[in-house]
There are 2 protein chains.
Amino acid sequence: MAGAHTLQETERQVSTLLRGMKIDFKAMAVVSNLFRAASAVRNHLEREILSRHGLSWTGFVVLWVVWVWQEIETRDIAEEVGTSKATLTGVLKTLERENWIAKRQSKEDRRLVIVTLTGDGKRLMKRIFPEFNKEEIYLAASLGTKERRGAADALRKMTIHAQNGPATKGKKKS
Amino acid sequence: MAGAHTLQETERQVSTLLRGMKIDFKAMAVVSNLFRAASAVRNHLEREILSRHGLSWTGFVVLWVVWVWQEIETRDIAEEVGTSKATLTGVLKTLERENWIAKRQSKEDRRLVIVTLTGDGKRLMKRIFPEFNKEEIYLAASLGTKERRGAADALRKMTIHAQNGPATKGKKKS
DNA sequence: CTCCACTCGTTAGGGTACGAACGAAAAGAG
DNA sequence: CTCTTTTCGTTCGTACCCTAACGAGTGGAG
């Protein structure tokens, strides 16, 4: 799964294809490994836990966010989960059809939609989350204590860095 | 984007919701940060580079793999990219429509389809990849030299670990 | 109060994602 | 050689995911 070409082979190939251009293979490896890891971990958790309950990855994350906040507006869910509002509309429809969440209109601002967990939804999370965390422990167990902290820190730094605009220009966010 | 609730708040909430169940918040933080980072980095690269060329993330990764291998069977692309064969069929159709790749039937085994880059595809990669790597350098620059190596190692370990079966049972892969 | 700029969630349209089922082709068994 | 099993890429159905455009609601300017 990690690719039949080794890093050295890939480097040689790319060097040939881009003769004269300087490529940073260390930076490439970090980003590449980030996505391999995220993909592998996600597939692992979907296979071992989520699929058994008929739940998608995004569906679970949405459920988790609503569970922790207890009551939350859809725009905040989208922000928290990291998807567009349009995507969330579809996901919420699925979760509502399964009777895990309920939507209601805000009285203060009638544009807003407030989401809560149903009884079924709460029971589902209460059962799933410990299973989920058990797999998280399994995954984190591949790292030593120090390494685990280092990885969490490094990932957090990259997240913040990625959100603060591009390498070339000096754009600002709101 | 990192959530209006701090990790401490979340911990307290979850502790209340799961009274009596032991939850490992360190493990949770590693997995959570992994996905925040992957999502942020992917969005960053899509916005800054890929969208400008009308290219999706997966489309780019497929193009990259074909570029490095020069000639590759679709089953190997799927393995390398980390998607299902079904997904790849659709992505290849898109890339073919844009005239970036070409497909042909293998003569030794007529079930196989072999993919290559067209001239347009090669030119595209030769232009995009250095831009892409520049952003990778920017992203990796948030980490120190030692930290960068540590992160790459930790991510690789987690990838392998995630692919080697669940926490509970003793399944084996092929 | 009226107009206008803004924000809310939804819809429309197209690409990506999966498992399951498919026909074609290849490889093994007898 | 035939029969069965396996493997290939594709198709089908459904869900996710994005941007752009939309109608509804809010709030500020005059």
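Proteins come first, then strands; the chains are lettered A, B, ... in the order of their sequence lines, and each starts at number 1.
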*Contacts of B/R110 that satisfy salt bridge (Lys or Arg N to Asp or Glu O under 4.0 Å) - sequence neighbours left out*: none
*In terms of side-chain geometry, is the basic nitrogen of B/R75 or B/E79 positioned less than 4.0 Å from the acidic oxygen of its partner?*
no
*asked:* Would you say that B/W64 contacts A/S32 through its side chain, given a criterion of any heavy-atom pair below 4.5 Å between the two side chains?
replied: no
*Rounding to a whole Å, what distance do you find between A/N43:CG and C/dA17:P?*
11 Å
Side chains of residues 112-125 of chain B: which donor-acceptor partners sit under 3.5 Å, not counting sequence neighbours?
unit_1, atom_1, unit_2, atom_2, d
B/T118, OG1, B/N99, O, 2.7
B/T118, OG1, B/W100, O, 3.2
B/T118, OG1, B/D120, N, 3.4
B/T118, OG1, B/G121, N, 3.1
B/D120, OD1, B/R123, NH2, 2.8
B/D120, OD2, B/N99, ND2, 3.3

*Side-chain donor or acceptor of A/T16 paired with backbone N/O of A/R12 under 3.5 Å*: yes
Please produce a list of atom pairs where a protein N or O lies less than 3.5 Å from an N or O of nucleotides 5-7 of chain C.
unit_1, atom_1, unit_2, atom_2, d
C/dT7, O2, A/R111, NH1, 2.8

*asked:* In whole Å, I'd like the distance from the CD atom of B/E46 to the P atom of C/dT16.
replied: 10 Å
_Partner set under salt bridge (Lys or Arg N to Asp or Glu O under 4.0 Å) for A/R104, not counting sequence neighbours_ = A/E71
*5' precedence on DNA chain D between B/E73 and A/G90 (nearest-nucleotide basis)*: B/E73
*asked:* Taking the ring of B/H44 and the ring of B/Y138, is the distance between their centroids below 6.0 Å?
replied: yes
*Interatomic distance, A/W69 atom CH2 to A/D76 atom CG [nearest 0.5 angstrom]*: 5.0 Å
*In whole angstrom, what separates A/K103's NZ from C/dC8's P?*
16 Å
_For atom CG of B/L50 and atom P of C/dG15, their distance in whole Å_ = 16 Å
*May I have the distance from B/L112 (atom CG) to C/dA24 (atom P), rounded to whole angstrom?*
17 Å
*Look at the side-chain heavy atoms of Ile, Leu, Val, Met, Phe, Trp and Tyr, link any pair under 4.5 Å apart, and say whether A/F35 and B/V91 land in one connected group.*
yes
*Take the angle between the ring planes of A/W67 and A/F129 and call it parallel below 30°, perpendicular above 60°, tilted in between.*
tilted
*Does B/A86 or B/R97 map to a spot on DNA chain C nearer the 5' end, using the closest nucleotide for each?*
B/R97
*Would you indicate what B/T94 reaches in the nucleic acid, counting non-hydrogen atoms under 4.0 angstrom: base, sugar-phosphate, or nothing?*
sugar-phosphate
*With the threshold set at 4.0 Å, does a side-chain nitrogen-carboxylate oxygen contact exist between B/R111 and B/D109?*
yes
*Between CG on residue B/N133 and CD1 on residue B/I128, distance to nearest 0.5 Å*: 13.0 Å
*Which two nucleotides bound the region of DNA chain D that has atoms under 4.0 Å from heavy atoms of chain A, read 5' to 3'?*
D/dA15 to D/dT26
*asked:* Nearest whole Å is fine: how far is C/dA26 C1' from B/K107 NZ?
replied: 19 Å
_DNA chain C contacts among residues 54-67 of chain A, heavy-atom distance under 4.0 Å_ = none
*Interatomic distance where CG belongs to B/L92 and P belongs to C/dA17 [whole Å]*: 12 Å
*Could you state the atom-to-atom distance from CH2 of B/W100 to P of C/dG15 in whole Å?*
12 Å
_Between A/D109 and B/T74, which residue's closest nucleotide on DNA chain D lies nearer the 5′ terminus?_
B/T74
